[in-house]
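Inspection log for the structure reproduced underneath, given as structure tokens.
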Amino acid sequence: AGWQLIEARTITGQEEGMFGWLSLNYQLGHFDSSNPNYIGVMDMGGASVQIAFALQDTQAVDPDDLVELMVNGKKIQLFVHSFLGLGQTVFAYQFLNEASCYANQYPLPSGLQGQGDATLCKNEVAKLINDVHDVNQRVQTALFENKPSAWFTIGGIEHLVQDKSIDLKSDFTPGEMFNRGNDVICSQTWSELVKTYPDNVYIHNYCLYPSYYYALIVNGYGISPELPIHLMPKDKSADWAMGVPLH
């Protein structure tokens, strides 16, 4: 035992977003460049989601969302915000009886049946994201003047897009994800899905999740539906924990 515990606590949502940004940019080599093109990072958790990107212009940024770092002697200013309650697990509870968000004939808790329609589902989800959580007001103004070189995402969305049912590549667009969810899950009958994916315990949510992530990324954050979103390569960690020692 050559070490001693100094501190133990639950990190804040903003710290989680910052550590994720540090971890991914470090692993992709952006701190080694004299003229770095930092990536933006979206962390899709179960209870909360975080978004983090570097800032050149801080005028439109709420001071509560501004984080200053020193990395390799360089001062970096970040926009970091955590939206508690918008993680996919907590979020899904609020749409358990939204018929448009589940495959046709899926038995809803209300006793009614699903009538899958990704567009209707996305529109309902977007109302909660923007009218209740103010995601668009919080993010879009800051992002307008500070677009990152690329977007990477970690967390639950990785399991969704790589599931055999959705089956997208490591570089995908929000539009591709949305259309796959609508075509492969929302528009199918529940009995057909159970036969096609008998061992998939998450398949009932795969009409809701693509609509939810699309609404968050496009309607909330303001990112183009045609812009590629990247997953971390398999030989690198898609985890914020590596950002802790860097900080």
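Numbers here simply count residues along the sequence, with the first being 1. Bear in mind that the values here come from a model prediction, so they are computed numbers and not experimental data.
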Quiz item: Are the side chains of Leu66 and Gln77 in touch, meaning some heavy atoms are under 4.5 Å apart?
Solution: yes

Quiz item: Do Ile39 and Ser149 have side chains that get closer than 4.5 Å, going by heavy atoms?
Solution: yes

Quiz prompt | Within one Ile-Leu-Val-Met-Phe-Trp-Tyr cluster: Ile154 and Tyr214, side-chain cutoff 4.5 Å | solution = no

Quiz prompt | Atom of Ser165, atom of Asp163 and distance for their closest heavy-atom approach | solution = OG-OD2, 2.6 Å

Practice problem: Please collect all disulfide (SG to SG under 2.5 Å) contacts where either partner lies in residues 108-140, sequence neighbours excluded, each pair once. | Solution: Cys101-Cys121

Quiz item: Would you say Val125 and Phe91 make side-chain contact, with heavy atoms under 4.5 Å?
Solution: yes

Exercise. Any chance you could lay out the side chain to side chain contact (heavy atoms under 4.5 Å, CB included) test for Trp21 and Val80, step after step, and finish with the verdict?
Key: CA-CA 9 Å; Trp21 185 90; Val80 186; over 6 Å; no

Practice problem: Can you measure from OG (Ser23) to CG (Leu28) and round to the nearest 0.5 angstrom? | Solution: 9.0 Å

Practice problem: Identify, with sequence neighbours excluded, every residue that meets ring-ring contact (aromatic ring centres under 6.0 Å, His included) alongside Phe152. | Solution: His230

Quiz item: Can you tell me if NZ on Lys147 sees more than 12 non-hydrogen neighbours from other groups inside 6.0 Å?
Solution: yes

Practice problem: Go through the steps for Tyr221 and Met42 under the test side chain to side chain contact (heavy atoms under 4.5 Å, CB included), then give the verdict. | Solution: CA-CA 10 Å; Tyr221 295 159; Met42 295 178 280; 3.6 Å; yes

Quiz prompt | Closest contact, heavy atoms only, Ile157 versus Thr153 | solution = CG2-OG1, 3.2 Å

Self-check item: Set of side-chain hydrogen bond (donor to acceptor under 3.5 Å, both in side chains) partners for Gln115, sequence neighbours left out
Solution: none

Quiz item: Tell me, do Glu68 and Lys75 make a side-chain contact under 4.5 Å, heavy atoms counted?
Solution: yes

Self-check item: Pairs flagged by disulfide (SG to SG under 2.5 Å) wherever residues 176-211 is involved - sequence neighbours left out
Solution: Cys186-Cys207

Quiz item: Can you tell me how far the CG atom of Asn179 sits from the OG1 atom of Thr173, to the nearest 0.5 Å?
Solution: 8.0 Å

Practice problem: Run the numbers on Phe79 and Asn146 for side chain to side chain contact (heavy atoms under 4.5 Å, CB included), then give the verdict. | Solution: CA-CA 9 Å; Phe79 175 97; Asn146 298 282; over 6 Å; no

Quiz item: Using the ring of each side chain (for Trp, its six-membered ring), is Phe83 parallel, tilted or perpendicular to His81, with breaks at 30° and 60°?
Solution: tilted

Quiz item: Side chains of Asn182 and Pro210: does their closest heavy-atom pair fall under 4.5 Å?
Solution: no

Residues 127-134 side chain polar contacts: donor-acceptor under 3.5 Å, at least two apart:
residue : atom : partner : partner atom : Å
Lys127  : NZ   : Glu124  : OE2          : 3.2
Asn130  : OD1  : Asn136  : N            : 3.1
Asn130  : ND2  : Asn219  : O            : 3.1

Quiz item: So do the side chains of Leu160 and Met177 get within less than 4.5 Å of each other, counting heavy atoms only?
Solution: yes

Quiz item: Do Leu168 and Val184 belong together in a cluster built from hydrophobic side chains that touch within less than 4.5 Å?
Solution: yes

Quiz item: Measuring from Gln188:CD to Asn104:CG, what's the distance to the nearest 0.5 Å?
Solution: 8.0 Å

Quiz item: Checking side-chain contact (heavy atoms from CB on, under 4.5 Å) against Val61, which of Asp57, Asp65, Asp64 comes through?
Solution: Asp65

Practice problem: Step by step, work out the side chain to side chain contact (heavy atoms under 4.5 Å, CB included) result for Asn200 and Lys164. | Solution: CA-CA 9 Å; Asn200 192 327; Lys164 290 181 178 179; over 6 Å; no

Quiz item: Looking at residues at least two apart in the chain, or sitting in another chain, which of them share a salt bridge (charged side-chain N to carboxylate O under 4.0 Å, His left out) with Arg180?
Solution: none

Quiz item: Judged by modelled atom types alone, do Thr141 and Gln137 share a side-chain donor-acceptor pair under 3.5 Å?
Solution: no

Quiz item: For Ser48 and Gln50, which heavy atoms make the closest approach, and how far apart are they?
Solution: OG-NE2, 2.9 Å

Exercise. Flag the pair Ile217 / Met44 as yes when at least one side-chain heavy-atom distance between them is below 4.5 Å, and no otherwise.
Key: yes

Self-check item: Gap between atom CG of Leu208 and atom CD of Gln94 - 0.5 Å precision
Solution: 10.5 Å

Quiz item: For the hydrophobic clusters of this structure (ILVMFWY residues joined by side-chain heavy atoms under 4.5 Å, transitively), does one cluster hold both Tyr102 and Leu112?
Solution: yes

Quiz item: Looking at side-chain heavy atoms only, is the closest gap between Gln88 and Asn205 below 4.5 Å?
Solution: no

Practice problem: Provide the closest heavy-atom pair for Asn97 versus Ser110 in the form atom of the first, atom of the second, distance. | Solution: OD1-N, 2.8 Å

Quiz item: Between Phe178 and Ser211, which heavy-atom pair has the shortest distance, and what is it?
Solution: CE1-OG, 4.0 Å

Practice problem: Give a yes or no on whether Leu22 and Val49 share a hydrophobic cluster (residues Ile, Leu, Val, Met, Phe, Trp, Tyr; joining criterion: side-chain heavy atoms under 4.5 Å apart). | Solution: no

Practice problem: Determine the minimum heavy-atom distance between Leu143 and Ile223, stating which atoms define it. | Solution: CD2-CG1, 4.1 Å

Practice problem: Report whether Ile185 and Val194 are members of the same hydrophobic cluster (ILVMFWY, side-chain heavy atoms less than 4.5 Å apart, transitive linking). | Solution: yes

Quiz item: Parallel, tilted or perpendicular: which describes the rings of Tyr209 and Tyr206, with under 30° parallel and over 60° perpendicular?
Solution: tilted

Exercise. Please work out which of the three classes, parallel, tilted or perpendicular, describes the rings of His204 and Trp190, given edges at 30° and 60°.
Key: perpendicular

